[in-house]
Structures are given as C-alpha cells and as structure tokens.
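Chain letters run A, B, ... following the sequence lines, proteins first, then strands; residues in each count from 1. Worth knowing before you read on, the calculation uses all heavy atoms, side chains too, and leaves out hydrogens, waters and symmetry mates. Bear in mind the structure is a predicted one, so any value in this text is a computation, not a measurement.
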Amino acid sequence: MHQAPVQDPLSLLTSRFREAMLASFPDLPADIDPLIKACAQADLGDFQCNAAMSLAKRVGKPPREVAKTLVAAAKVGDLVEPLTEASIAGPGFINIRLRSDALSAAATSLDTPSLGLEPASPAQTVVVDLMGVNLAKQMHVGHLRSPIIGDALARTFERLGHTVIRQNHVGDWGLPIAMVTARLIELSQAGRLDLAKVTLDDLDAAYRTAQAECQRDLAGLEACRRFGLGPKATAECEAQVEGATEKFVAARATLVKLQAKEPATYAVWKVIQKVTMDVCIAACRRLHVNVTDEHSAGESSYADELAPMVADLESRGIAELDQGALIVRLDTPEYGSIKEPCLVRKTDGGYLYATTDIAAIRRRVQQFGADRIVYAIDARQNLHLRQIFGAGRKAGYARNKRTGLDAVMEHAAFGSVLGEDGRPFKTRSGESVKLADLLEETVTRAMAQVRSRNPESSEAECRVIAENLGMSALKYADLVNDRVRDYVFSFDRMLAFEGNTGPYLLYALVRILNIFRKAAEAGVGETWKGVPIRCEDAAEKNLAIALLRYPATVRSVADSLEPHRLCQYLFDLAGCFSTFYDQCPTLKADGPVRDGRLRLCHLTRRVLEDGLKVLGLPTVERM
RNA sequence: GCGGGUGUAGCUCAAUUGGAUAGAGCACCUGACUACGGAUCAGGAGGUUAUAGGUUCGACUCCUAUCACCCGUGCCA
C-alpha cells in the first residue's frame, strides 16, 4: 500500500536549499548538505540554514554575500514567509519562518497510521543481547539497566520494521554452577533443604557458601606456591584448605556429571534453572520488558559446540597456542588493534566465557541471520566485547552469508547505578538491593502519591495506576540520561510531581485523554477528523513543529543506540503540549477552531503514545 | 605501565555530532487562570563547559599536553 510521504519541512527545505546552492554554485557536489537545522532561538525563526559560512570559503566570497545569493535563489515561497536580507543574521545564518498553511499541511500529512515511520527497506535482522542473569544468584540493581535499555532499543528496531531477536544470555554453566549444584545435593541429602520448595534466596546463599568453600583458601594456597613461601607454609595452607579442596573436587565431579547429563544431577540443575528463571521472567514482566523463556539462550546451550568450534579455530590458524593457552590475536587494525589477545582455551583445557560468546556470535549470524548485534551490557565489559567482536570477525563467524558482509556488532555500553552519595547503589548496610524489592518500593511510593491525589478512587484502581506509573517512572529515569554515564538513582526525583520525569509525560497524555473524554460527554461529534490541523497561534505552531520531529528522532535512536534522545524529545513535546493546553482552550473554542485543535490534540496523543511504547513505558488513562 | 570512560549552574542532566547569547529540570524568588484535572503555565536569578595551549570565520564538541575520579587489563564469569 502506497502512502504519501510526510511533508517534513526539514527535508523539504533541505532539498529546496540544495537546489538553490547547486543553481548558484554549479561546481558543488550534487549531495551537498545545506545544513538546515531547527532554529536555536525560537524568536528568530523556525528553521535556519547554516551553509553560507562554510560555503564562503569554498567559493571565495564573503559569507553574507553567499547567504544573499542563496536567499535570492531559494524557491521556497510556498513553504515559508518571504526571505529577505533581514533574514540573514550574524556571519551568514539564514533564518526561516514557516507559513502556517505549509505547517498545517505537513502536520496533517504526518497523521497517518505509520506516523511517518515507514517499515525500513530492506528490513534487517537485529539481535539484541539484553540480559545476562546467572543461575542461583539473586537479581539486584545491577540487573536493571540491561533489560530496560536493551528492550527500548529492541522496540525501536521493531518500530522501524526490522526483525528483532532478543537474547537473554544466561550464565547457567561451568564450575560455579556445578559448585552450587553439588552444595544443593549435599544439603538435600542431609535433609537440610527441600528441593521442591527451594527459593532463589536459598540458592543465592548456597552459591555464596559454595563459592567461599571452594575458592577462598585455594587462592591462598596458590599464592603460597607462587611466591615460594616454602614447604612449611604451603603445608599449613594445604591442611587448612583440605576441607575446601574436598568440596572443590566434588564440584568438578559434579560438573562432569552435568556435562554427561547424569539424571539425578541434571534434575537438580533443572530445579536451579527453573527457580532462577521464574524470578527473572517475573521481573521482566513487571518491568514491561519483553523477555520470556523463549528469548533465553543459556551458556549451557553452547556447551557442546565449544570443542568443535575451538578445533576449527585452531585448525584454520585463527587461534594459536601461547604459554599453554589457546589465543586469538587481535593486534591488527582489521580486528581492532587490541593488544590483549582473546583467550579461548585455558592451559588446563577448559573454556572461558569468551569462548561461549564467540559461539553466540556464530549462532546469531550463521543461524539467526543477524545483520546487526547490539549488546546492552555494562560499560566495564567493553574490552571483552571488543575482543569477541574481533575474534568473531577473524574467524569468519560474523560474516552474514546473505549479504556477504560482517554483521555490525555494537556495544551499547551503560554506566552504573549510583546512590545519592555518588557511590554504587547499596542499602544502608552495604548490601546490594534486590531487584524485586526495588520494584516493590517504587510501586509502594507511587501508590502513596496516587492515593493522596485521587482520594475518591478505589484501592484497586489506584493500585493499577501506581503499578504503571511506578514502572514508567523507574524506566524513564534510567533511559533519560546518556547511556554511557553513571546515573544517580533517586526515588523522590523519578516519581516527582514536577520536572523531566515519567509521571510528567503520563500526565500530559492523561490531559489529552481527558479532553476527548469530556468532548464525548458534551456530545461533540467526530467532525474534527476531516479538518486540517490548526497551526495559527504560536503554541499551536510550536506543537506542530515538535510533532514533525518525531520520525527523525526515532530513527536517530536506532542509529545512535541512544534512547535518551527520544526521552528528551517526548519531554519537549509534552512541554509544547502543556503550553498549548494553557494558551489555547480547545473545548471552549468555537466550531472550526475547536475542530482544528482537537485534531492537533489527537495527533499529539498518537505521537506521545507511540513514543512511550517505543521506550517500553506503560501508560495510564487517569492518574 | 598501557587502554577505555567521565569531568558542563548549588544538585540531577542536555546540547540536533563544528554554529548565533551553552539549554532543561530540581531547589530558590516572582507572577497567572476559582481551572478543557494545578502532577500546570509564564518570568527571574544562577556558567572562565576540570586546566593550559592549538586548529578556524566560529570549539562543550576536533588535536596536543596536564589534573581529578571511575573502570578494565592472558588463563574467574
């Protein structure tokens, strides 16, 4: 189905000014950029052309003279108020003010089902790595950002018509998991634990104990040997860790049984997996993050692929032996010029997480057909990711057979969540905050707000509102800042009545919905649906111009992997609407004015709802 | 040591990728409509963009040093 393209003033002006440039200065390349931007100061104009300054040097004329030439040559009379010498400011900026009829036509042309975002062609297959929980470990604050950011990016790609495959890369394999499994078997056999009733907290405790038993003293022993503290000290250490060594041996034995899928051991592992994943999926569900069991691909699912894959790397000379370990060198420009090689097999023959991650690249490209893989992962993993990207390319695993190109692999790195003291977010006692507790407290605080504001609403109604309001507030607070920076977490600020918050955006939407609810009550028909969008008053114009920026904003999120651009945009849009709401009464206006404004309200509602959905923020109808 | 990141108003953060007088929100001060729901709107004050140089018509942005903090750095994941 063909749809008329949006008459976006920015792109229209860009092509018109390009024509003017080419007509005036024929030597310019055909794709010259006229540098049309939204005007920095609204009182000067709606848009501005910044090309004259840089052009001046190219053509050897003063910038203001170049600007004058462009003003004379630009055929834009149907779009903008007449351009004169007064339109030229400073060193050669050309200020442009849109005609309201052109703006109305543009805004009206945006009001289609797609909102100016036609499905991308060709559609890409994009894998988004958006979570990495570990079995038997309680989810905490550190697990908040990856799914929120990753899901927002995934939704952005989906909105643009790409095929998205979400991946939850679960840490469900290896010696640490075997240690917990061994510990659980031991507890269960001693009658100290009922496997049928085990909780994630139980698992977490078992994990810590097992970890401590197996590793603490072994590290000490290792140090004795390495620093040559002598046979006596070593013997003392050995005596001390005898018990631990025993556990360690048991864990290794358990790992072997797991790898062989020995039924009794494997069954315990399955219990650990189910308990962990149930909590994980429940958290995602509550966060309105689209991650379910079908998106989970644990490290265990790659276990059988590792040995053949590493053999492949070795036989083709991609990897080489060095000091006993098998490594992939990456110190050439095509693989990232990384000094540190990527280890894929330890001296003892064991594999590392890099090995699994390279196998994941292979599956994602070769099996899923990924054109692009986006990792929403903590910034501290940057070196590791650059290594596996390089190794994946060097091995040829990243080469997409359909396109003949390497999949684009990107690290959407994010910083840490800090407390209000500027240090990593912890409870007062220094414990990490359980994710489930964090979500619960968010909703509890939101509930208090909602109840005090809506004393007449029922408890149940308030609860639903508080749930959505709280989750939107929490997610917005995470998404609104530049991803890569650390951010300071504050319940008070994210749930605040005022300011750049999720609640502010939801409130703007509620106000629009109220207008239509009230209109329906007053028996206003749907006569507004056919009229052009009204863009006469300043507030109306500003709102319309803001609406028209929507498609480009969403696309820029997909390109830059920066959801905060959409957040800032929506905040700006909501602000434009609030000003309009204050200055331009809709339902009190008469027929044609009212209808033109109703249509403007309706388009605002659609863009706001669409944008919130792209970010993954649930909305409310009242609050 | 080497590598990466960050440094912007009292606080929390932006800045359309080199454009005009560096913008918002909070907090502070002033004002508005007995409200199409005030979780609103309008205005004021608040800055040597860590520091010093450089590139050019023009720099928060690019280059070179320096400082501060965070992180990562071959056999954990």
Side-chain angles (χ1 to χ4, degrees), chain A residues 10 35 37-41 44 48 50 53-54 56-57 62-63 89-93 95 132 134 171 173-177 211 215 299 322-327 338-348 350 352-354 356-357 378-384 386 413 415-416 420 422 424 449-450 453-454 469 477 480-482 484-488 490 492-493 495-501 503-504 506-508 510-512 514-519 522 539 549 552-553 556 560 564-565 567-569 571-572 575 578-589 594 597 601 622-623:
Chain A
L10 191 60
L35 298 171
K37 316 261 180 187
C39 210
Q41 288 139 289
L44 295 178
Q48 63 188 55
N50 295 344
M53 285 82 78
S54 55
K57 195 174 346 177
F93 297 101
N95 291 319
N134 294 307
W173 207 240
L175 195 57
I177 306 300
Q211 186 95 347
Q215 287 189 340
E299 293 177 332
D322 192 89
Q323 299 170 42
L326 192 66
I327 66 169
I338 302 165
K339 186 186 64 183
E340 297 88 342
C342 183
L343 273 75
V344 295
R345 193 181 65 206
K346 296 188 285 180
T347 303
D348 69 3
L352 300 102
Y353 74 142
T356 306
D357 281 328
D378 191 303
R380 286 173 292 195
Q381 299 286 328
N382 184 262
L383 173 60
H384 166 67
R386 278 164 41 225
S416 306
E420 296 191 62
Q449 306 270 19
V450 172
R453 301 246 160 205
N454 306 273
L469 187 66
V480 71
N481 295 331
D482 186 5
V484 77
R485 294 170 46 126
D486 296 347
Y487 84 97
V488 177
S490 161
D492 289 337
R493 192 149 19 86
L495 285 164
F497 296 14
E498 303 91 13
N500 186 358
T501 66
Y504 177 83
L506 297 198
Y507 181 65
V510 163
R511 289 177 124 183
I512 303 176
N514 278 334
I515 290 176
F516 285 97
R517 188 177 298 125
K518 196 143 182 171
R549 281 167 41 214
T553 303
S556 84
S560 65
H564 80 276
R565 294 169 184 242
C567 293
Q568 293 291 341
Y569 167 80
F571 178 64
D572 191 40
S578 291
T579 303
F580 159 80
Y581 184 88
D582 195 60
Q583 294 176 5
C584 303
T586 296
L587 294 179
K588 286 177 185 166
R594 183 196 66 192
R597 286 179 179 165
C601 288
R622 299 169 192 272
M623 60 191 280

Sugar-phosphate only, base, or nothing, as touched by A/A379 at under 4.0 Å among non-hydrogen atoms: nothing

A/Y353 side chain near B/C75 phosphate (N/O to OP1/OP2, under 4.0 Å): no

So which protein N/O to nucleotides 2-10 of chain B N/O distances come out below 3.5 Å?
residue, atom, partner, partner atom, Å
B/G7, OP1, A/R485, NH1, 2.7

Contacts of A/S416 that satisfy side-chain hydrogen bond (donor to acceptor under 3.5 Å, both in side chains) - sequence neighbours left out: none

Listed partners of A/D482 passing salt bridge (Lys or Arg N to Asp or Glu O under 4.0 Å), at least two apart: none

5′-ward residue of the pair A/C39/A/L383 relative to RNA chain B: A/C39

Paired stretches of RNA chain B - 3 or more consecutive Watson-Crick or G-U pairs, each distance under 3.5 Å: B:1-7 with B:67-73, B:10-13 with B:23-26, B:28-32 with B:40-44, B:50-54 with B:62-66

Nearest to side-chain heavy atoms of A/A89, which nucleotide of B/U40, B/A20, B/G74: B/A20

Heteroatom pairs (N/O) under 3.5 angstrom, protein to nucleotides 21-32 of chain B:
residue, atom, partner, partner atom, Å
B/G25, O2', A/N500, N, 3.4

Sugar-phosphate only, base, or nothing, as touched by A/R622 at under 4.0 Å among non-hydrogen atoms: base

Touch class at under 4.0 angstrom, heavy-atom based, for A/I512 against every strand present: nothing

A/R511 side chain to A/N514 side chain, donor-acceptor N/O pair below 3.5 angstrom: no

Chi-based syn or anti call at B/U17, which uses purine or pyrimidine torsion atoms and a 90° bound: syn

For A/T553, side chain to side chain contact (heavy atoms under 4.5 Å, CB included) partners two or more places apart: A/R549, A/L566, A/Y569

5' priority, RNA chain B, between A/L44 and A/A496 [closest heavy atom]: A/L44

Closest to side chain of A/K346, choosing from B/C76, B/A42, B/G74: B/C76

Sugar-phosphate, base or nothing in reach of A/C567, heavy atoms under 4.0 Å: nothing

